[in-house]
Every structure is written in C-alpha cells, then in structure tokens.
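Notes to accompany the following structure.
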Amino acid sequence: MADKHKILIVEDDKYIINFISMSLKKEDYDYVIAKTCGEANALFYANRPDMIILDLGLPDGDGIEIIKNVREISKIPIIVVSARQEEEEKIQALDLGADDYVTKPFNTVELQARVKSQLRRYMQLGGGETPKDKLVIGGIELDDKSKQVTLDGEVMPLTPTEYDILKLLMQNVGKVFSTKEIYRAVWKEDPMGAEGSVAVHIRHLREKIEINPSDPRYIKVIWGRGYKMEVQ
C-alpha cells in the first residue's frame with residue numbers, strides 16, 4: 001500500500017483551517033498545520049510534505065517568503081489560498097513558483113479538485129524532491145550517505161563532532177537545544193560540566209559555515225536557552 005500524501009497547511013484562521021483539513025480528510029490525505037511563517041518553515045523541513053496549501057497573510061510575515069524558501073530546494077506543488085484579490089499579488093506568487101492560486105471564499109469541491117490535479121501532475125513528473133538522506137538549508141547541504149557538508153557548493157572540512165551537531169540542528173529546524181541536550185545527543189552520555197565543550201565545537205562550526213561568525217545566519221544562540229538552526 002502506497003504512503004498517503006502529506007500536505008502542509010499554512011493558515012492562521014481557525015475556520016479556514018477546519019475547512020481545509022476536513023476537505024483533506026475526505027480524500028484520506030495526511031496533513032500538518034502551521035499558523036506562522038516560522039512554524040511553516042520548521043514543519044516543511046521536519047516533515048517533507050508532498051504539497052503546501054498556503055495563505056499569504058500570516059501573523060509574523062508574508063507567505064511569499066515561504067514560497068521563496070521552498071523553491072530553493074523543492075518542486076512540490078504550492079497552492080496559494082488567499083483573500084487577496086489584487087492581480088499583482090497573484091502574478092507575484094505564481095512568478096516566484098506557486099502552482100495555483102485560489103481566492104477566498106472557495107468551496108470544498110474546488111479545493112479537492114485542485115489538490116488532486118497538482119499532486120497528479122507532480123507525481124507524473126517524478127517528484128523531484130531532495131533525497132531523504134540529504135538535508136538542505138539555504139546554502140548548506142548535508143549528505144548523510146557521504147558524510148559530506150557543502151556550503152554554496154564548496155566542501156566544508158568538518159570534524160565528526162561538528163558534523164553530528166550540525167546534523168542534529170538541521171534535522172530540527174527552529175527547535176532550541178540546550179547545551180546539555182546537544183551533549184547527550186552527540187556524545188551519547190550525560191553531561192558532567194561539559195557544556196563548555198559544546199560551545200567550543202559550535203564556535204568552530206560557525207567559523208566554517210558562517211560568512212560572518214559573529215553575526216551568524218544559520219546557527220543562532222538563544223540566550224539562556226541554547227542553540228537553534230534558523231531557516232534562511
């Protein structure tokens with residue numbers, strides 16, 4: 001039996017979320033829900049969905065940025081569902097890589113038909129997804145088969161510990177890890193005053209993958225809590 005298609009719903013309106021999720025349930029699709037741009041980026045990397053249904057007006061930003069981020073590494077269908085009716089907005093979304101644009105309000109039958117159509121076309125074209133043994137965030141690509149990391153196409157000479165820390169953060173985009181949690185996950189033992197070792201390795205890692213280590217784009221420190229990987 002084939003796996004169910006998984007769809008990422010990016011919407012902050014409870015009524016619309018319920019409407020879309022009920023429509024997808026009827027067609028036996030799996031789905032995850034994000035209510036902000038930050039949640040959407042994190043869930044995209046964590047779940048590798050087969051499609052995104054995207055609202056543009058989100059509390060923490062414009063959904064247009066999500067289209068840009070996804071299109072850097074993925075060809076999955078993106079259906080924009082928006083109350084914005086301006087032709088310029090529609091053209092911009094489609095130009096940046098959205099596959100379809102549905103104006104609110106819409107009905108269940110219309111949405112189901114568009115979802116089916118986009119998924120069918122995507123699967124007929126062979127998908128085109130990033131292999132599951134590869135993680136890609138911005139210019140960083142981690143290939144877990146070859147244990148190789150590249151930055152903008154250039155191989156980065158990481159130590160095994162640096163590699164394991166980077167992999168942990170890239171697999172959990174947006175999640176904050178304390179130094180103790182990183183130590184347990186990477187060293188496979190309880191930290192006994194070894195948090196300083198984590199900080200040193202992260203400093204070395206930043207020096208290799210960040211253009212400006214003192215103002216990092218990818219590995220962010222959350223003061224008093226730990227570190228996280230941030231989507232660009």
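- Connectivity analysis of hydrophobic side chains (ILVMFWY, heavy atoms under 4.5 Å, direct or indirect) links Val176 to Ile222.
- The side-chain tip of Arg48 points at the ring of Phe44 from less than 6.0 angstrom away and within 45° of straight on.
- The minimum heavy-atom distance between Thr179 and Val198, with the atom names listed, is O-CG2, 3.7 Å.
- Legend: salt bridge (Lys or Arg N to Asp or Glu O under 4.0 Å) pairs involving residues 103-118, not counting sequence neighbours, sorted by first then second residue: Glu11-Lys104, Glu27-Lys116, Asp55-Lys104, Asp100-Arg114, Glu110-Arg114.
- No side-chain heavy atom of His204 sits under 4.5 Å from any side-chain heavy atom of Thr159.
- At least one donor-acceptor pair under 3.5 Å links the side chain of Glu210 to the backbone N or O of Tyr218.
- Remark: side-chain polar atoms of Glu154 are not paired, donor with acceptor, to backbone N or O of Leu151 under 3.5 angstrom.
- Although no hydrogens or angles enter the test, the distance criterion places no donor-acceptor pair under 3.5 Å between the side chain of Asp143 and the main chain of Gln148.
- The side-chain contact (heavy atoms from CB on, under 4.5 Å) check on Lys90 picks up Glu87, Leu94, Tyr101, with sequence neighbours excluded.
- Remark: Asp215 engages no residue in a side chain to side chain donor-acceptor pair (under 3.5 Å) (not counting sequence neighbours).
- A search for side-chain contact (heavy atoms from CB on, under 4.5 Å) contacts involving Asp95 returns Ile91, not counting sequence neighbours.
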(request) Show your working on salt bridge (charged side-chain N to carboxylate O under 4.0 Å, His left out) between Lys147 and Asp144 and close with a plain yes or no. (result) CA-CA 5 Å; Lys147 304 300 180 184; Asp144 205 34; 2.9 Å; yes
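- A 4.5 Å side-chain heavy-atom check between Ser21 and Ile9 finds at least one atom pair inside the cut-off.
- Judged as a ring pair (Phe, Tyr, Trp, His ring centres under 6.0 Å), and not counting sequence neighbours, the contacts of Phe19 are Phe106.
- Asp62 places no side-chain N or O within 3.5 Å of a backbone atom of Leu58 that could act as its donor or acceptor partner.
- Between Leu119 and Met51 the shortest side-chain heavy-atom distance falls below 4.5 Å.
- In terms of the side chain to side chain donor-acceptor pair (under 3.5 Å) criterion, Asn18 has no residue partners (sequence neighbours excluded).
- Qualifying side-chain contact (heavy atoms from CB on, under 4.5 Å) partners for Ile211, counting only residues two or more places apart in sequence or in other chains: Arg217.
- Checking side-chain atoms of Asp60 against main-chain N and O of Cys37 turns up a donor-acceptor pair under 3.5 Å.
- With sequence neighbours excluded, the residues that form a side chain to side chain donor-acceptor pair (under 3.5 Å) with Arg71 are Asp99.
- With sequence neighbours left out, Glu39 forms a salt bridge (charged side-chain N to carboxylate O under 4.0 Å, His left out) with no residue at all.
- Every residue was checked against the side chain to side chain donor-acceptor pair (under 3.5 Å) condition with Tyr29, not counting sequence neighbours, and none meets it.
- Asp164 is linked by a side-chain contact (heavy atoms from CB on, under 4.5 Å) to Val186, counting only residues two or more places apart in sequence or in another chain.
- Here the side chains of Pro49 and Ile7 are not in contact, with every heavy-atom distance at 4.5 Å or above.
- Leu111 and Tyr15 fall within the same hydrophobic cluster, where Ile, Leu, Val, Met, Phe, Trp and Tyr residues are linked whenever their side-chain heavy atoms come under 4.5 Å apart, directly or through other members.
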